[in-house]
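Data block below; observations after.
Keep in mind that what you see is a predicted model, and the values were worked out from it rather than measured.
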Amino acid sequence: MNRIKAFFKDYYLFLMAAILLLGAWEWLVDTGRLPSFILPAPSGILLSLFENKDILLFHAWATFKETILGFVIAAVAGVSLAVAMFFFKSLQRTIYPGVLISQTIPIIALSPIFVLWFGYSIWSKVAVTVLIAFFPIVVSTYDGLNHHDRDYVDLLRSMGARRWQIFKKVQMPMALPSFFSGIKLAAVFSVVGATIGEWLGASEGLGYYSRRMSGSLNAEGVFSAIFLLSLLGMCFFGAAALAEKRMFRWKEIRKDVQHEKVDKTQ
């Protein structure tokens with residue numbers, strides 16, 4: 001209950017603005033001032049969601065699988081590469097420019113290539129998702145590892161700590177805020193990547209469904225798919241934000257327990 005009250009306290013202005021916007025939107029469509037084939041009314045979108053819930057759930061599940069697979073692969077590969085570049089500067093000078101250059105290539109131009117390589121299977125969409133989610137994880141993790149407090153590092157070195165111990169005790173914990181920033185961005189971008197892959201070549205997924213509805217001029221169907229994609233992106237972002245919150249809370253609890261043990265021994 002307290003969390004709900006805190007949520008409304010923090011976001012009541014946004015909720016009021018959203019209600020006013022939806023009300024004005026509904027009124028404009030109902031009065032004919034805004035054609036429904038251009039922008040359907042919110043009630044029409046909700047009706048479309050209810051009437052086509054089974055097929056929408058089928059396509060949403062396909063998009064979810066592509067998104068989660070691509071995100072996990074991008075996270076593992078991105079963090080591994082960032083740590084490797086941090087430890088081996090020659091690798092950083094060799095690979096990091098290529099990572100940056102890869103982002104200048106339009107993702108939509110590479111999608112047909114992935115279709116040629118992987119066909120219309122799930123892996124062509126996963127490949128697009130990995131490519132679009134990989135960059136923010138690599139950059140944020142690598143930058144976070146490099147922006148640590150040198151005084152702590154020098155202190156541990158003076159005490160005889162090895163490089164891995166310094167990484168574990170100082171550099172990795174200080175990189176966590178930057179790392180989670182990249183994770184939250186990648187969580188949202190993963191949905192975008194899966195949708196792009198489905199638009200260009202798929203037989204299932206919300207991107208494929210919205211393209212099919214667009215071809216038949218079904219505006220309600222298009223907006224219902226967009227609504228679910230937005231909801232999926234918010235869920236992924238929320239999960240990443242919750243993981244970040246739990247991680248820092250766990251670190252605080254662990255620190256308090258260690259302090260209690262020290263106090264008891266003294």
Side-chain angles (χ1 to χ4, degrees), residues 66-111 113-114 117-118 123-194 196-197 233 236-237 239-248 250-251 254:
E66 296 158 4
T67 303
I68 196 69
L69 275 173
F71 174 77
V72 170
I73 294 172
V76 173
V79 172
S80 301
L81 180 59
V83 172
M85 290 192 301
F86 176 72
F87 275 99
F88 306 103
K89 295 304 178 185
S90 59
L91 182 65
Q92 181 266 332
R93 289 190 289 269
T94 303
I95 294 180
Y96 198 60
V99 174
L100 298 175
I101 292 171
S102 69
Q103 296 305 300
T104 64
I105 304 173
I107 301 298
I108 198 169
L110 294 175
S111 298
I113 298 176
F114 292 139
W117 289 350
F118 302 106
W123 295 110
S124 61
K125 275 72 72 179
V126 170
V128 179
T129 305
V130 170
L131 190 62
I132 202 171
F134 179 74
F135 181 75
I137 296 176
V138 172
V139 172
S140 63
T141 305
Y142 180 72
D143 288 346
L145 290 171
N146 279 289
H147 290 83
H148 54 265
D149 195 324
R150 297 292 306 179
D151 293 337
Y152 286 108
V153 175
D154 293 339
L155 176 62
L156 288 178
R157 282 177 178 168
S158 67
M159 298 171 67
R162 297 180 179 179
R163 190 175 184 185
W164 172 251
Q165 292 174 318
I166 295 173
F167 175 78
K168 182 180 178 181
K169 296 294 184 180
V170 176
Q171 293 162 339
M172 185 175 67
M174 287 188 174
L176 285 177
S178 181
F179 163 73
F180 276 109
S181 295
I183 286 292
K184 287 186 285 189
L185 284 174
V188 178
F189 290 164
S190 296
V191 181
V192 177
I196 292 173
F236 272 96
F237 182 89
L242 181 62
E244 178 185 23
K245 187 176 181 181
R246 292 290 176 86
M247 170 63 75
F248 287 112
W250 175 79
K251 286 179 68 65
R254 184 180 179 184

Shortest non-hydrogen contact from [X] toward [Y]:
{"X": "Ser178", "Y": "Ser140", "result": "OG-O, 2.6 Å"}
{"X": "Leu91", "Y": "Ala84", "result": "CD2-CB, 3.5 Å"}
{"X": "Ala75", "Y": "Ile183", "result": "CB-CD1, 4.3 Å"}
{"X": "Glu66", "Y": "Val126", "result": "O-CG2, 4.0 Å"}
{"X": "Asn146", "Y": "Lys89", "result": "OD1-NZ, 3.5 Å"}
{"X": "Ala187", "Y": "Phe237", "result": "CB-N, 4.2 Å"}

Open item on the list: So Phe189 and Pro136, do their side chains get closer than 4.5 Å, heavy atoms only?
Closed with: yes
Open item on the list: Do Phe135 and Val99 make a side-chain contact, defined as non-hydrogen atoms from C-beta onward lying under 4.5 Å apart?
Closed with: yes
Drop me the distance from [X]'s [atom1] to [Y]'s [atom2], to the nearest 0.5 angstrom.
{"X": "Phe180", "Y": "Lys245", "atom1": "CZ", "atom2": "NZ", "answer": "13.5 Å"}
{"X": "Lys184", "Y": "Ile137", "atom1": "NZ", "atom2": "CD1", "answer": "13.5 Å"}
{"X": "Glu244", "Y": "Phe179", "atom1": "CD", "atom2": "CZ", "answer": "10.0 Å"}
{"X": "Ser190", "Y": "Leu185", "atom1": "OG", "atom2": "CG", "answer": "10.5 Å"}
{"X": "Thr141", "Y": "Leu176", "atom1": "OG1", "atom2": "CG", "answer": "9.5 Å"}

- [ ] Kindly determine whether Val138 and Met85 satisfy side chain to side chain contact (heavy atoms under 4.5 Å, CB included), including the steps that lead there.
- [x] CA-CA 10 Å; Val138 172; Met85 290 192 301; 3.7 Å; yes
Task: Trp117 and Phe114 aromatic ring geometry - parallel, tilted or perpendicular at 30°/60° bounds - done: perpendicular
Open item on the list: Quick check against the 3.5 Å criterion: does Ser181 have a side-chain atom that pairs as donor or acceptor with the backbone of Pro177?
Closed with: yes
Open item on the list: Is it the case that the side chain of Ser124 and the backbone of Phe118 share a donor-acceptor pair, with hydrogens and angles ignored and the cut-off at 3.5 Å?
Closed with: no
Task: Contact list for residues 66-111, test ring-ring contact (aromatic ring centres under 6.0 Å, His included), sequence neighbours left out - done: Phe87-Phe167, Tyr96-Tyr142
